[in-house]
Structure formats: C-alpha cells, structure tokens
Trainee: 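Please find one structure pasted underneath; my questions will follow.
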Amino acid sequence: MTTAAASPLLFRWNPPRPRRRALVSFIIASVLLHALCFYIFQIVYPPTVALLPAPARVSVISPDDPESLALLRWVEAEDPALASATQRPGEHQAVALPKMEYVPSFARHEPEMKTIPQSSSDLTIPSSTTIGQTPRARTGAAAPSLARKTAPSFSDAASLLGTPILPEFTFHLSRADAPANARFRIAVDKTGAVRFCFLVESSSDPALDEQARKYLLLCRFPPPRGGTAARGEGDDALTWSIATILWGSDFAPLPSPAPAL
C-alpha cells in the first residue's frame, strides 16, 4: 500500500487553472482589429459615390441669340431645294406682260364654204351572185401517201431456212398510238412449219402481240433440199430463230364506238 501511494498517478486530478485572462485578451484584440479595419476602409478609402446621369437639355432657337442666328443661316444655305432652284437677284424687277385680246383667224376673212354633192339612191335589184373571185378547181392531184407493209425480219439462224412464205393477214390496232416492234422466238420443224412461238419483247399492245403470234404461226418455210440432215438429225429436230415484226402502215382502221342509247 505504501508503494502504490508513493508512485505518481496516471491522470492529473488537480483542478484546471482559470483562463479568463486569455479570453479577455482575445476579445480586446478582436475589438481593436475591427476598429482598425473600419478606419482603413471607411476613412482612408472612402466608398465610391455613384454619379447620376446628366439632366436632359433642351436648346431653344431664339432670334436674339447670335448662335441661333448662325445656325438658321447655315440651315438656309445648306437647303437642297434652294440650292437646286434658280433664284433671281434681289434688285431684279419682274416685267408685266401686256394684256392682249384674242383675235380668231376667221375674223379677218370669211372661209369659203363647200357645196354638198347631191346623193342619188340606187333602186336597182341587187344581184343574187356573191361578189368575189370565182373559186378554181385544183388541177394538181394530191400526193399519194407512202404505204409500208408489215413484214417479219428473222435472225441469222433463219438463213438456213430459206425465204419464208408470208400469209395474207390484216392487223387491227386497239390503241391510237404507234406500237413498238415486237420480237418472238420461233421454232421451225423439218417440214418448214412454225411449231412454237414465244413472245420476247412486247409492242405495248397485248392484242397486237397475239395477232403477231398468230401471223408467225401461219408462216411457212420451204423444206430443205438435203432432207432432214440439212436442219438436224431426227424427226423431232427444231431450228430456233428470232423473228422481229416490223410494223407498217397497213393497219385496219379502229372501229367507231357504238352510240350511247
């Protein structure tokens, strides 16, 4: 027990010393610092004073003021209307024209009057024939229009077939516009008849394409001189070619529409 009491304690349990002096000194220093700042910013550096705008001024031109008279003379001298106008000098006097009495030209001599010719009325019966040049009959005959017949044109492969025998066929248009040339692929057998005909390029008229297909099916080629071997081997050998229909001007006229009841 004696050793424990003699050893120093871990914590100091003595009462704290009073610090009133430090607090009072800080307060006094703060007051002095605030007074110094107020002195610097309010007395040494005074606040900026806002300047008000200058009041509006109205200038009155007075005839007694020499500056106003000079301004009026300058405005009068620089007037464009007066500068472009012709001004007479002040000492110029206007000449008054004498009053002249109007005297007409026919007052001195009387004009000669012309006599009116007497009109005689025509009481004859007017002619029934018209007045004018007699129409003459045209002696020159009208130039005949160039007619071109529709004909097919075959490709190089048809040179082996010979000259075709074309049938008599009349084409009928279903449209008023001119058709385009139509192309078909045809197959010719050993007898010279056209077995197959397929449309390749249309003429923009389906009805006319069908007529051209029937026209090509009616075409006949002469049989070969060397027999079937000239065109191909076998009985079913076919010669293929391209046929182009070149349209002419031999179309039948369009049928007139039936009158509406």
Trainee: Quick one: are V188 and R195 in side-chain contact, heavy atoms under 4.5 Å?
Mentor: no

Trainee: Is it true that a side-chain atom of W240 and a backbone atom of I186 form a donor plus acceptor pair closer than 3.5 Å?
Mentor: no

Trainee: Nearest 0.5 Å, please: how far is CH2 in W74 from CG in L69?
Mentor: 15.5 Å

Trainee: Regarding S155 and S241, is there a side-chain donor-to-acceptor distance under 3.5 Å anywhere?
Mentor: yes

Trainee: Between F171 and F251, how do the two ring planes meet: parallel, tilted or perpendicular, split at 30° and 60°?
Mentor: perpendicular

Trainee: Do the side chain of R220 and the main chain of L217 share a donor and acceptor less than 3.5 angstrom apart?
Mentor: yes

Trainee: Donor-acceptor pair, S68 side chain versus P63 backbone, under 3.5 Å?
Mentor: no

Trainee: Do you know which two heavy atoms are closest between P152 and Y215, and how far apart they sit?
Mentor: CD-OH, 3.6 Å

Trainee: Would you say that more than 12 heavy atoms from the other residues, nucleotides or ligands in this model lie under 6.0 Å from the CZ of R185, or not?
Mentor: no

Trainee: Kindly list each side-chain donor-acceptor pair under 3.5 angstrom involving residues 197-205, sequence neighbours excluded, with atom names and distances?
Mentor:
{"residue": "E201", "atom": "OE2", "partner": "R183", "partner atom": "NH1", "Å": "3.4"}
{"residue": "S202", "atom": "OG", "partner": "S204", "partner atom": "N", "Å": "3.2"}
{"residue": "S202", "atom": "OG", "partner": "D209", "partner atom": "OD2", "Å": "2.4"}
{"residue": "S203", "atom": "OG", "partner": "D209", "partner atom": "OD1", "Å": "2.6"}
{"residue": "D205", "atom": "OD1", "partner": "S174", "partner atom": "OG", "Å": "2.8"}
{"residue": "D205", "atom": "OD1", "partner": "A207", "partner atom": "N", "Å": "3.4"}
{"residue": "D205", "atom": "OD2", "partner": "S174", "partner atom": "OG", "Å": "2.9"}

Trainee: Under 4.5 Å between side-chain heavy atoms, hopping through other hydrophobics if needed: is there a path connecting L32 to V24?
Mentor: yes

Trainee: Would N181 and I245 satisfy side chain to side chain contact (heavy atoms under 4.5 Å, CB included), going step by step from the backbone distance to the final call?
Mentor: CA-CA 6 Å; N181 294 334; I245 302 297; over 6 Å; no

Trainee: Nearest 0.5 Å, what's the CG-CZ distance between L33 and F38?
Mentor: 14.0 Å

Trainee: Any chain of hydrophobic side-chain contacts (each under 4.5 Å) joining I165 to F221?
Mentor: no

Trainee: Donor-acceptor pair, distance only, cut-off 3.5 Å: does the side chain of S30 make one with the backbone of F26?
Mentor: no

Trainee: Would you sort out whether T244 and F154 count as a side chain to side chain contact (heavy atoms under 4.5 Å, CB included), showing the intermediate values?
Mentor: CA-CA 6 Å; T244 303; F154 300 94; over 6 Å; no

Trainee: For C219 and V194, work out which heavy atoms get closest and say how close.
Mentor: O-CG2, 3.6 Å

Trainee: Could you walk me through whether I61 and L71 pass the side chain to side chain contact (heavy atoms under 4.5 Å, CB included) test, one step at a time?
Mentor: CA-CA 9 Å; I61 299 176; L71 178 62; 4.2 Å; yes

Trainee: Quick one: do R73 and E76 make a salt bridge, cutoff under 4.0 Å?
Mentor: no

Trainee: Distance check, rounded to the nearest 0.5 Å: E112 atom CD versus T115 atom OG1?
Mentor: 11.5 Å

Trainee: Please step through side chain to side chain contact (heavy atoms under 4.5 Å, CB included) for the pair T150 and F169, ending with a clear verdict.
Mentor: CA-CA 9 Å; T150 302; F169 198 90; over 6 Å; no

